[in-house]
Amino acid sequence: MTSPPPSKPIALSGYAAVVTLSVQWGDQDAFGHVNNAVPLRWFETSRIRLLEENGLDHLMNGTDLVPLVASITCHFRRQVTYPDTICVGTRVAELGRSRMTLAHAVYSHTQQQIVADGQTTVVFFDRTAQRPTRIPAAVRTALPVAQAGGT
């Protein structure tokens with residue numbers, strides 16, 4: 001019998017999208033903790049959830065307008081090991097002309113705290129013109145932008 005997924009941690013209350021994931025044995029490296037590339041995949045999963053929950057999953061279907069990752073950073077605060085359940089929060093920190101900055105945080109249920117955080121810069125890209133393009137009004141309206149001073 002599996003237990004229900006943990007509820008959204010208070011530490012992630014300021015995040016628009018939160019996904020709960022199990023740490024896998026294969027996520028660990030030779031040093032016995034989650035490999036440094038794994039949280040970037042967790043950020044991706046939460047980033048896609050943010051788009052899906054806001055009716056923007058059509059952007060992932062190969063249309064002419066696509067959200068491309070321009071840069072990504074991760075700050076490793078504490079080691080994560082198997083077994084654990086983590087929650088990854090994503091929120092829109094800033095909307096620019098053709099880019100958005102997403103803030104991410106990873107919460108460990110075992111450690112009861114944020115164990116990693118970071119940012120992703122996403123550029124809206126016109127595949128036909130092969131250049132960044134202005135974020136359409138409909139996309140801007142759909143994206144929940146965090147208020148200044150938020151979590």
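Predicted, not measured: the structure shown is a model, and the values here were computed from it. Position 1 is the first residue of the sequence, and the numbers go up from there.
Judged by distance alone, with hydrogens and angles left aside, the side-chain atoms of S98 form no donor-acceptor pair with the main-chain N or O of P132 at under 3.5 Å. In terms of modelled atom types and a separation under 3.5 Å, the side chain of Q113 and the main chain of A11 share no donor-acceptor contact.
Applying the ring pair (Phe, Tyr, Trp, His ring centres under 6.0 Å) rule to pairs touching residues 46-101 yields W25-Y82, sequence neighbours excluded. Identified under the side chain to side chain donor-acceptor pair (under 3.5 Å) test for residues 124-142, with sequence neighbours left out: D64-T128. Counting only residues at least two apart or in different chains, salt bridge (Lys or Arg N to Asp or Glu O under 4.0 Å) contacts with residues 100-116 are absent. Within the structure, the side chain to side chain donor-acceptor pair (under 3.5 Å) test picks out the following pairs touching residues 99-108 (sequence neighbours left out): D84-S108, T90-H104, E94-R99, R99-T101, H104-T120, Y107-Q112. Applying the salt bridge (Lys or Arg N to Asp or Glu O under 4.0 Å) test to pairs two or more places apart or on separate chains, those with a residue in residues 32-49 are D27-R41.
With sequence neighbours left out, S22 forms a side chain to side chain donor-acceptor pair (under 3.5 Å) with no residue at all. Checked against side chain to side chain donor-acceptor pair (under 3.5 Å), Q24 has no partners two or more places apart in sequence or in another chain. In this structure, E53 has no side chain to side chain donor-acceptor pair (under 3.5 Å) partners at least two apart in sequence or on a different chain. Scanning for side chain to side chain contact (heavy atoms under 4.5 Å, CB included) contacts around T81 gives Q28, H33, with sequence neighbours left out.
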- Task: I would like to know whether W42 and V19 meet side-chain contact (heavy atoms from CB on, under 4.5 Å); could you show each step before the answer?
- Result: CA-CA 9 Å; W42 295 342; V19 61; over 6 Å; no

- Message: Set out, in order, the CA-CA distance, both residues' side-chain angles and the distance that settles side-chain contact (heavy atoms from CB on, under 4.5 Å) for H109 and C87, then state yes or no.
- Response: CA-CA 8 Å; H109 282 275; C87 288; 3.1 Å; yes

- Query: Could you walk me through whether V92 and L102 pass the side-chain contact (heavy atoms from CB on, under 4.5 Å) check?
  - Reply: CA-CA 5 Å; V92 180; L102 302 176; 3.8 Å; yes

- Do V23 and V80 pass the side-chain contact (heavy atoms from CB on, under 4.5 Å) test, and can you show the C-alpha distance, the side-chain angles, and the key distance before you say yes or no? CA-CA 8 Å; V23 174; V80 177; 3.8 Å; yes

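Clustering of Ile, Leu, Val, Met, Phe, Trp and Tyr side chains at separations under 4.5 Å places L68 together with V66, F125. Cluster partners of V123: none. The rule joins Ile, Leu, Val, Met, Phe, Trp and Tyr whenever side-chain heavy atoms lie under 4.5 Å apart, and it links nothing here.
Here I114 contributes atom CD1 and L12 contributes atom CG; the two are 4.5 Å apart, rounded to the nearest 0.5 Å. Note that CG of D57 and CD1 of I48 are 9.5 Å apart. Values are rounded to the nearest 0.5 Å. With rounding to the nearest 0.5 angstrom, the CG atom of L95 is 5.0 Å from the CD1 atom of I135.
Residue A37 comes nearest to N35 through the heavy atom pair N-OD1, 2.9 Å, listed as atom of the first residue, atom of the second, then distance. Considering every non-hydrogen atom in both P136 and L65, the closest pair reads CG-CD2, 3.4 Å. For the residue pair F124 and P67, the shortest heavy atom distance occurs at CE2-CB, 4.2 Å.
Screening V69, I72, T73 against L40 for a side-chain contact (heavy atoms from CB on, under 4.5 Å) leaves a single residue, I72.
At a threshold of 4.5 Å between side-chain heavy atoms, the hydrophobic network of Ile, Leu, Val, Met, Phe, Trp and Tyr places L50 and F43 in two separate groups.
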